[in-house]
Amino acid sequence: QVQLVESGGGLVQAGGSLRLSCAASGRTFSSYAMAWFRQAPGKEREFVAAISWSGLSTSYTDSVKGRFTISRDNAKNTVYLQMNSLKPEDTAVYYCASRPYYGQCFLPSSFASWGQGTQVTVSS
């Protein structure tokens, strides 16, 4: 179990950029795969991006490919989500999550540790 705290959310205009951070506490952070999910009002929580413990493997949902970049700095126990060319449909609460393997399917139920979430609002 890893404790996670997201930050960096806010209000931005369409086409703008935002960088989310997820600070993790725990000595096993570097061995865990990390992921970002998001949930808009009235919608299911959806997968956004994931990164392996080494940072060599990443995955993105189709709607954010080419716009979002996930990265991690294990020395700082932090994972990032750089969001560029933001669209109003990106508006959601963004959550950081972790699990002890990278794998192929990124279902919310497979992640045991979750942050509290940070609000991202993109205006048109």
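One is the number of the first residue; the rest follow in order along the sequence.
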Inset, instruction - Might you work through the side-chain contact (heavy atoms from CB on, under 4.5 Å) test for Gln13 and Leu86, ending with a clear yes or no? - result: CA-CA 8 Å; Gln13 292 185 324; Leu86 283 163; over 6 Å; no
Legend entry - Polar side-chain atom of Thr118 near backbone of Ser7 as donor-acceptor pair, under 3.5 Å: no
Inset, instruction - Over all heavy atoms of both residues, which pair between Leu107 and Ser110 is shortest? Give the atoms and the distance, please. - result: O-OG, 2.7 Å
Inset, instruction - Look at the side chain of Arg67 and the backbone N and O of Ser85, then say whether any donor-acceptor pair between them is shorter than 3.5 Å. - result: yes
Legend entry - Nearest-0.5 Å distance, CD of residue Gln3 to CG of residue Asn77: 12.0 Å
Inset, instruction - List the atom of Val2, the atom of Ser98, and the distance in Å for their closest heavy-atom pair. - result: CB-OG, 4.0 Å
Legend entry - OG1 on Thr61 to CZ on Arg38, rounded to 0.5 Å: 7.0 Å
Legend entry - Any donor-acceptor N/O pair, Tyr102 side chain to Thr58 backbone, under 3.5 Å: yes
Legend entry - Atom pair CD1/OG of Ile70 and Ser52 - distance to nearest 0.5 Å: 9.5 Å
Inset, instruction - For the pair Glu6 (side chain) and Gly117 (backbone), establish whether a donor and an acceptor sit closer than 3.5 Å, ignoring hydrogens and angles. - result: yes
Inset, instruction - Nearest 0.5 Å please: distance from the CG atom of Leu20 over to the CH2 atom of Trp36. - result: 4.5 Å
Inset, instruction - For the pair Arg99 (side chain) and Tyr101 (backbone), establish whether a donor and an acceptor sit closer than 3.5 Å, ignoring hydrogens and angles. - result: yes
Inset, instruction - Nearest 0.5 Å please: distance from the CG atom of Leu4 over to the OG atom of Ser25. - result: 7.5 Å
Legend entry - Ion pair Asp90/Lys87, N-O distance below 4.0 Å: no
Inset, instruction - Taking all heavy atoms of Val48 and all of Tyr94, pick out the closest pair and write down the distance. - result: CG2-CE2, 4.4 Å
Legend entry - Identified side chain to side chain contact (heavy atoms under 4.5 Å, CB included) partner of Tyr80 from the options Met83, Lys76, Gln82: Lys76
Legend entry - Nearest-0.5 Å distance that lies between atom CZ in Arg45 and atom OG in Ser109: 11.5 Å
Legend entry - Minimum heavy-atom distance between Leu18 and Val12, given as atom pair plus value: CD1-CG1, 3.8 Å
Legend entry - Tyr60 reachable from Ile51 in the ILVMFWY side-chain graph, under 4.5 Å edges: yes
Inset, instruction - Tell me, please, which residues at least two apart from Phe37 pass ring pair (Phe, Tyr, Trp, His ring centres under 6.0 Å). - result: Phe47, Phe111, Trp114
Legend entry - Over 12 foreign heavy atoms within 6.0 Å of CD, Glu46: yes
